[in-house]
J.: 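Handing you this structure, nothing more for now.
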2 protein chains.
Amino acid sequence: MQTIKEYVQSNQERFLEELFALLRFPSISADPKYKEDVVKTADFVAEKLKEAGADRVEVCPTAGNPIVYGEKIIDSSLPTVLVYGHYDVQPADPLELWDTPPFEPTVRDGKIYARGAADDKGQFYMHVKAFEYMMKNDALACNVKFMIEGEEEVGSANLGTFVKANVERLKNDVIVISDTSMISMEQPSLETGLRGLSYVEVEVTGPNRDLHSGVYGGAVANPATILAKLIASLHDENNHIAIPGFYDDVLELTAEEREALNQAPFDIEAYKADLGVGDVWGENGYTTIERTGIRPTLEVNGIWGGYIGEGAKTVLPSKAYAKISMRLVPNQDSHRITNLFKAHFEKIAPAYVKIEVKPHHGGEPVVTPTDSIAYKAAEKALEEAFNKKPIPTRGGGSIPIVALFEKELGVKTVLLGFGLDSDNLHSPNEKYGIENYLKGIETIPSFFKYFAELSK
Amino acid sequence: MQTIKEYVQSNQERFLEELFALLRFPSISADPKYKEDVVKTADFVAEKLKEAGADRVEVCPTAGNPIVYGEKIIDSSLPTVLVYGHYDVQPADPLELWDTPPFEPTVRDGKIYARGAADDKGQFYMHVKAFEYMMKNDALACNVKFMIEGEEEVGSANLGTFVKANVERLKNDVIVISDTSMISMEQPSLETGLRGLSYVEVEVTGPNRDLHSGVYGGAVANPATILAKLIASLHDENNHIAIPGFYDDVLELTAEEREALNQAPFDIEAYKADLGVGDVWGENGYTTIERTGIRPTLEVNGIWGGYIGEGAKTVLPSKAYAKISMRLVPNQDSHRITNLFKAHFEKIAPAYVKIEVKPHHGGEPVVTPTDSIAYKAAEKALEEAFNKKPIPTRGGGSIPIVALFEKELGVKTVLLGFGLDSDNLHSPNEKYGIENYLKGIETIPSFFKYFAELSK
């Protein structure tokens, strides 16, 4: 029997080719015109699960994009690991900023450049290949179930229904998700929390039609100007979010917890240089690590209104829009926050405009206890693979569905992520290190092994 | 010999058909892809000038779109009228808001619906048809020169060069422009001033790439948020423009002048109802008529940044943009204002973003003295056609090139406009009344007659 190291060594070319094939599908869930590609991607994933040795593989239809399920139950007395991932990806625009086409994976400096390379195709596929190894080498230490969905990037609207309807089939002892990042290949880390999300779209209507800015300018409220004033008022002079009640439920960390969090290696100058910014920005009284990990935030994800084409048009627009999302921390509730935002935005809007706030999707924050068996198993597996004990961190991202899993399935989640913050998730030139990909495949079987041992 | 009334009566079908043919050209100067249509439009205008009886008709090439010139010199001892107009039009978007296609002229309730119907094809073409009448009926009371350009909607970048190079050819005693509006068909009016214009595009750059708003949100300045704060700060709580020095050169009107200006019939409730707004907005201490006529303004004509497509994308954008224009009043200088804006915008921008301010185009404000021969001739012509003395008004629009004409050619300008503020200039469903069109054709020969008489 081969060790996982040997197996990865002798199969890495194929592991890369298969991932490239997966990355070539433009499975963009936000844009309906890619629906067909999304379905093809699901079929591809199901095929690969079967080849790896999974049973009961099924492409489960939903009201939206299908969910791919597969499992291997070897012994009902062994613990069961549920692997969750998503095969859908973010839109690739702005396309002109990609150095190579987003759906033609290209390797440069040992990194795979493609939309979805790290988020999440490259990461969930590590589990498929690690599973293949364990099957081929009779090394499967736990039962395993796969649930790979196609709507994570648009809020997993139909996954909740699926989970509720399949509680028995999905029954497990721990959920493992590789859809986050670690500090570096030299310093492994484990995310112990995810932020929740509230995402809204606002529409500000001024006059009932676009107007000539010379004839009406200065006499009628311009919705773009009003929207700017409204957005400007959402952060106060300390960059606190100025929505009444917004922080009411925020779980404040103790001085010790904040101290520990700030132990993670972080070079502010390197951070600024990487982003090309003259200075960082954020809520006064908190470090950058705290601002992205343990504090809620409000960001404008998109804004538009009036004439945005070539040249000059002297128009006073009828409407202006913005997409705004808020990241939430433990104890905040996404529905309550969405309602607070809506009420506040409608309240501060002046009489001369009309406001519409449309909730997009949301999710609740989660925390993984560092004293749980699952966390300890992941910790040992990473230490073994990297020869260094991982640091617990708080990631800023959200996987809205995790809170629902934990609620419906009554288990905790381990965030076994192998990406890096510099992987350009959701940005042009998204990438994933070949080394990260292979190291992840190498780490997963040990996690299974230690989880089984510690569960005894 | 036919009277102009009779001639319009017997030729109105043809007058409309010819205008419709002109309106069918999508001569959008702001968008390079319409270049060919723009050139075809110029050729069409030249053809019509020849048919009407003009000599030395020429489609004069420029660095941009061609300028159509034509003239009729009947007697060097007679005064010369220079007719200026533009055959280019504003972009038609948002297309989905048009009830009928912008370049398929359609008549509803006696109005011609098409992009350019009032601004300015329908209005300059009245002069071509009035000229045709005067030629056919030996009624031309002045020499006449036509200069119809194709870049008015994008700032007439090349007209200045043309005018400077053709001072002799363009020599005249008065410039007549029909590219403005009057109060109503029941209450004619004459615009005695035009506002100047300063048009800039601003680009705010935060991080050097689009970022994942979960990973970086709250820790890096969001250029959309910063742009919103910057725009919000451009008007103070009284809606005064908060750019230091902005009002320095503004010519304040006397109480009497403001009194006279506010005599013009204006129904604020009808105004609000027409625009569908709950309330008007503007600079405290001034009426709506004053806000659009004698006060400078600053408007956001377009704003964009981040993800503006379907669905949700959790991105923290690298860049955000806005197109901003300022309308200027007598004694303000567009270059000085553009520089003040640039300096101010760069000064208030925080260290964590980069700012670029690109000037688009500008123009200086102008005033037509009500005691000039030209104004009096226009006044008499309108009174004769409408059986009512026109009221002098201050239009809010800008025809940037007028100040340059006056400077280079040493003459004043008469704004003989027959449009209405409700014509949806620069908006979907732009229209021009058939009655306005025919009434304009009927009025122009009298203007020529009275101008010749008063010039004696």
Side-chain angles (χ1 to χ4, degrees), chain A residues 30-31 90-91 154 199 207-215 217-222 224-225 228-229 231-232 275-282 288 291-292 295 297 299-316 325 327 351-352 360 396-398 421 425-427, chain B residues 30-31 90-91 154 199 207-215 217-222 224-225 228-229 231-232 275-282 288 291-292 295 297 299-316 325 327 351-352 360 396-398 421 425-427:
Chain A
D31 189 338
Q90 281 277 317
V154 288
Y199 198 116
N208 54 17
R209 60 185 187 271
D210 283 3
L211 301 174
H212 185 305
S213 68
V215 179
V220 181
N222 182 323
T225 306
K229 284 181 180 285
I231 288 173
L275 299 174
V277 293
D279 200 355
V280 292
W281 174 99
T288 294
R291 288 166 174 174
T292 57
R295 298 297 294 171
T297 62
E299 293 294 339
V300 176
N301 302 115
I303 186 167
W304 70 102
Y307 183 68
I308 63 179
E310 271 290 303
K313 184 168 189 246
T314 50
V315 64
L316 192 164
S325 65
R327 298 281 170 173
Y352 32 71
H360 257 301
S398 306
D421 282 352
L425 306 190
H426 297 205
S427 310
Chain B
D31 189 338
Q90 281 276 317
V154 288
Y199 198 116
N208 54 16
R209 59 186 186 268
D210 283 4
L211 302 173
H212 186 304
S213 68
V215 178
V220 181
N222 182 323
T225 306
K229 285 182 179 283
I231 288 172
L275 300 174
V277 293
D279 200 356
V280 293
W281 173 99
T288 295
R291 288 166 173 173
T292 55
R295 297 298 295 171
T297 62
E299 294 294 340
V300 176
N301 302 115
I303 185 167
W304 69 104
Y307 183 67
I308 63 179
E310 269 292 302
K313 184 169 190 247
T314 49
V315 64
L316 191 165
S325 65
R327 298 282 169 171
Y352 32 72
H360 256 301
S398 306
D421 282 353
L425 307 190
H426 297 203
S427 310

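Each chain gets a letter, A, B and so on, in the order the sequences are listed, and its residues count up from 1.
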J.: Kindly compute the distance separating CD1 (Ile303(A)) from CD1 (Ile231(B)), expressed to the nearest 0.5 Å.
T.: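 Between Ile303(A) CD1 and Ile231(B) CD1, I get 7.0 Å after rounding to 0.5 Å.
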J.: Out of Gly282(A), Gly306(A), Ala232(A), return the one with the most heavy atom pairs under 4.5 angstrom to chain B.
T.: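 The residue among Gly282(A), Gly306(A), Ala232(A) with the greatest pair count is Ala232(A).
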J.: Under 4.5 Å heavy-atom distance to chain A, tell me which part of Ser325(B) shows up: side chain, backbone, both or neither.
T.: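 Interface part for Ser325(B): side chain.
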J.: Of all the heavy-atom pairs spanning Tyr307(A) and Trp304(B), show the shortest one and how long it is.
T.: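 Closest heavy-atom pair between Tyr307(A) and Trp304(B): O-CZ3, 4.3 Å.
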J.: Among Arg295(B), Lys313(B), Lys229(B), His360(B), who wins on heavy-atom pairs under 4.5 Å with chain A?
T.: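 Option with the top pair count is Lys313(B).
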J.: The test is side chain to side chain contact (heavy atoms under 4.5 Å, CB included); show your working for Glu299(B) and Thr314(A) and say whether it passes.
T.: CA-CA 9 Å; Glu299(B) 294 294 340; Thr314(A) 50; over 6 Å; no
J.: If you count heavy-atom pairs under 4.5 Å with chain B, which of Leu425(A), Val220(A), Thr288(A), Val280(A) comes out on top?
T.: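 Answer, by heavy-atom pair count under 4.5 Å with chain B: Val220(A).
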J.: What part of Thr297(B) gets closer than 4.5 Å to chain A, counting heavy atoms only: side chain, backbone, both or neither?
T.: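 For Thr297(B), side-chain heavy atoms alone lie under 4.5 Å from chain A.
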J.: Given that the side chain runs from C-beta out, which part of Arg327(B) has a heavy atom under 4.5 Å from chain A: side chain, backbone, both or neither?
T.: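 Side chain of Arg327(B) only, per the 4.5 Å heavy-atom cut-off to chain A.
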J.: Does any heavy atom of chain B fall under 4.5 Å from the side chain of Gln90(A), the backbone, both, or neither of them?
T.: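 Side chain only.
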J.: Of the listed residues (Asp210(B), Asn301(B), Val215(B), Thr225(B)), which shares the most heavy-atom pairs with chain A below a 4.5 Å separation?
T.: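 The answer is Asn301(B).
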J.: By a 4.5 Å heavy-atom criterion (distance strictly below it), what part of Tyr199(B) contacts chain A: side chain, backbone, both, or neither?
T.: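 For Tyr199(B), side-chain heavy atoms alone lie under 4.5 Å from chain A.
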J.: If we define contacts as heavy-atom pairs under 4.5 Å, which of Asp279(B), Leu275(B), Asn222(B) has the most with chain A?
T.: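 Greatest number of close heavy-atom pairs with chain A: Leu275(B).
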J.: Checking heavy atoms, do the side chain of Asp31(A), its backbone, both or neither come under 4.5 Å from chain B?
T.: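 Neither part.
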J.: Taking every heavy-atom pair that is under 4.5 Å apart, which of Ala224(A), Ala219(A), Ala351(A) has the most such pairs with chain B?
T.: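 Heavy-atom pairs under 4.5 Å are most numerous for Ala219(A).
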J.: I want to check something: taking the side chain as every heavy atom from C-beta on, are His426(B) and Leu316(A) in contact at a cut-off of under 4.5 Å?
T.: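 Contact flag for His426(B)/Leu316(A) side chains = no.
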J.: Chain A: which of Ala30(B), Gly309(B), Pro207(B), Ser213(B) shares the most heavy-atom pairs with it under 4.5 Å?
T.: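 With the most close heavy-atom pairs to chain A, the winner is Ser213(B).
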